[in-house]
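As structure tokens, the structure follows; a few thoughts come after it.
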Amino acid sequence: MSHAHDHDPTVPRGALIAAALLLLFTMALTGAVRLGWIPQSGDPDGSRMAQNIVPVQERELRFTDHADGAVIVTDAATGETVSEIGFGEGGFVRATMRRMAKARMAQGIGSEPPFRLTLWENGALSLSDPQTGREAEIHGFGADHSATFAEMLKEPVT
């Protein structure tokens with residue numbers, strides 16, 4: 001028994017034209033953003049600058065791995081312990097710091113220079129590495145992760 005097909009298996013001309021127009025529009029939009037004709041919304045620093053959003057609070061921090069698997073977070077200015085993240089805890093903090101440390105290692109920078117944790121007046125949090133220029137927008141990963149880093153900005157109650 002033969003199952004011959006009598007229709008042409010090509011894509012309809014209208015669909016090809018629509019796909020070509022979509023591709024051209026996407027390329028034009030990308031080019032306009034690249035050339036600065038359209039502001040780049042994926043640039044947090046540029047967006048904050050355009051809106052005159054300034055830091056409300058900053059703290060320079062060091063992250064140190066201990067032999068038992070804990071990560072100790074200290075204030076770079078005072079040396080006081082800000083947070084202790086036990087082995088198997090703080091996966092988001094560990095992943096964020098792993099990415100930052102990898103960038104430092106690639107440039108031959110050690111762990112001594114501190115990182116900068118910033119709370120912006122719009123409520124956003126960012127962690128930056130002045131040594132490499134890398135920045136992590138913490139608020140983009142949800143309230144729980146933001147709260148973990150926000151705790152590191154708090155001064156100890158005496």
Side-chain angles (χ1 to χ4, degrees), residues 18-19 21-158:
L21 288 173
L22 180 62
L23 182 61
L24 286 173
F25 175 74
T26 303
M27 291 172 58
L29 193 58
T30 302
V33 171
R34 278 261 199 220
L35 294 171
W37 298 342
I38 297 175
Q40 186 175 2
S41 62
D43 176 17
D45 287 332
S47 182
R48 283 191 282 263
M49 202 178 318
Q51 297 175 40
N52 295 319
I53 296 172
V54 297
V56 173
Q57 187 178 2
E58 291 183 321
R59 192 171 202 184
E60 301 222 335
L61 302 170
R62 286 195 180 91
F63 295 79
T64 308
D65 290 322
H66 276 237
D68 66 357
V71 174
I72 308 299
V73 184
T74 56
D75 183 296
T78 66
E80 87 180 56
T81 299
V82 173
S83 179
E84 292 185 29
I85 303 166
F87 177 75
E89 299 174 353
F92 177 71
V93 173
R94 288 174 187 275
T96 302
M97 295 316 303
R98 195 173 299 120
R99 282 191 304 276
M100 296 281 215
K102 190 174 183 177
R104 279 189 172 187
M105 286 189 325
Q107 294 183 23
I109 302 169
S111 62
E112 185 61 24
F115 294 90
R116 182 176 300 126
L117 182 61
T118 305
L119 173 64
W120 299 92
E121 68 182 352
N122 65 352
L125 278 170
S126 63
L127 181 70
S128 60
D129 183 355
Q131 301 298 309
T132 64
R134 302 270 305 213
E135 191 164 325
E137 295 297 319
I138 306 302
H139 62 279
F141 294 95
D144 291 342
H145 298 311
S146 291
T148 301
F149 275 95
E151 285 292 317
M152 295 178 196
L153 285 171
K154 294 182 179 176
E155 297 294 329
V157 179
T158 55

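Computation of the quantities below employed the complete heavy-atom set of this structure, encompassing side-chain atoms and omitting hydrogens, waters and symmetry-equivalent molecules.
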Please report the closest heavy-atom contact between [X] and [Y], naming both atoms and the distance.
X	Y	answer
Pro113	Gly110	CD-O, 3.6 Å
Pro114	Pro130	O-CD, 3.8 Å
Arg94	Gly69	NH2-O, 2.9 Å
Met100	Ala136	CE-N, 3.9 Å

Which residues pass the salt bridge (Lys or Arg N to Asp or Glu O under 4.0 Å) test with [X], not counting sequence neighbours?
X	result
Glu89	none
Glu121	none
Arg99	none

Gap separating the [atom1] atom of [X] from the [atom2] atom of [Y], nearest 0.5 angstrom:
X	Y	atom1	atom2	result
Phe115	Met152	CZ	CE	12.0 Å
Thr96	Glu137	OG1	CD	11.5 Å
Ile138	Thr118	CD1	OG1	10.5 Å

Compare all side-chain heavy atoms of [X] with those of [Y] and state whether any distance is below 4.5 angstrom.
X	Y	result
His66	Ile72	yes
Arg98	Lys102	no
Val71	Val93	no
Ser126	Trp120	yes

I'd like a table of donor-acceptor pairs (distance under 3.5 Å, sequence neighbours excluded) in which one partner is a side-chain atom from residues 50-57, with atom names and distances.
{"from": "Gln51", "atom 1": "NE2", "to": "Ser47", "atom 2": "OG", "distance (Å)": "3.1"}
{"from": "Gln57", "atom 1": "NE2", "to": "Leu153", "atom 2": "O", "distance (Å)": "2.8"}

query = Restricting to pairs with a member in residues 103-115, which pass salt bridge (charged side-chain N to carboxylate O under 4.0 Å, His left out), not counting sequence neighbours?
reply =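 Listed by first then second residue: Arg62-Glu112, Arg104-Asp129.
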message = Applying salt bridge (charged side-chain N to carboxylate O under 4.0 Å, His left out) as the test, list every pair that has at least one member in residues 63-76; sequence neighbours left out.
response =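 Output for this query lists Arg59-Asp75.
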Which residues share a side chain to side chain contact (heavy atoms under 4.5 Å, CB included) with Ala32, sequence neighbours left out =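 By the side chain to side chain contact (heavy atoms under 4.5 Å, CB included) rule, Ala32 matches Trp37, Ile38.
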key: Sole residue of Leu24, Leu29, Leu22 in side chain to side chain contact (heavy atoms under 4.5 Å, CB included) with Thr26   =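 Testing each of Leu24, Leu29, Leu22 against Thr26, the sole residue satisfying side chain to side chain contact (heavy atoms under 4.5 Å, CB included) is Leu22.
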Any residue meeting side-chain hydrogen bond (donor to acceptor under 3.5 Å, both in side chains) with [X], in chain and number order, not counting sequence neighbours:
X	value
Glu60	Arg116
Thr74	none
Glu151	Lys154

request  = Would you please test Ile109 and Thr132 for side chain to side chain contact (heavy atoms under 4.5 Å, CB included) and show each step?
outcome  = CA-CA 9 Å; Ile109 302 169; Thr132 64; 3.9 Å; yes
message = Classify the ring geometry of Phe63 against Phe149: parallel below 30°, tilted from 30° to 60°, perpendicular beyond 60°.
response =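 Because their plane-to-plane angle lies in the 30° to 60° range, the rings of Phe63 and Phe149 count as tilted.
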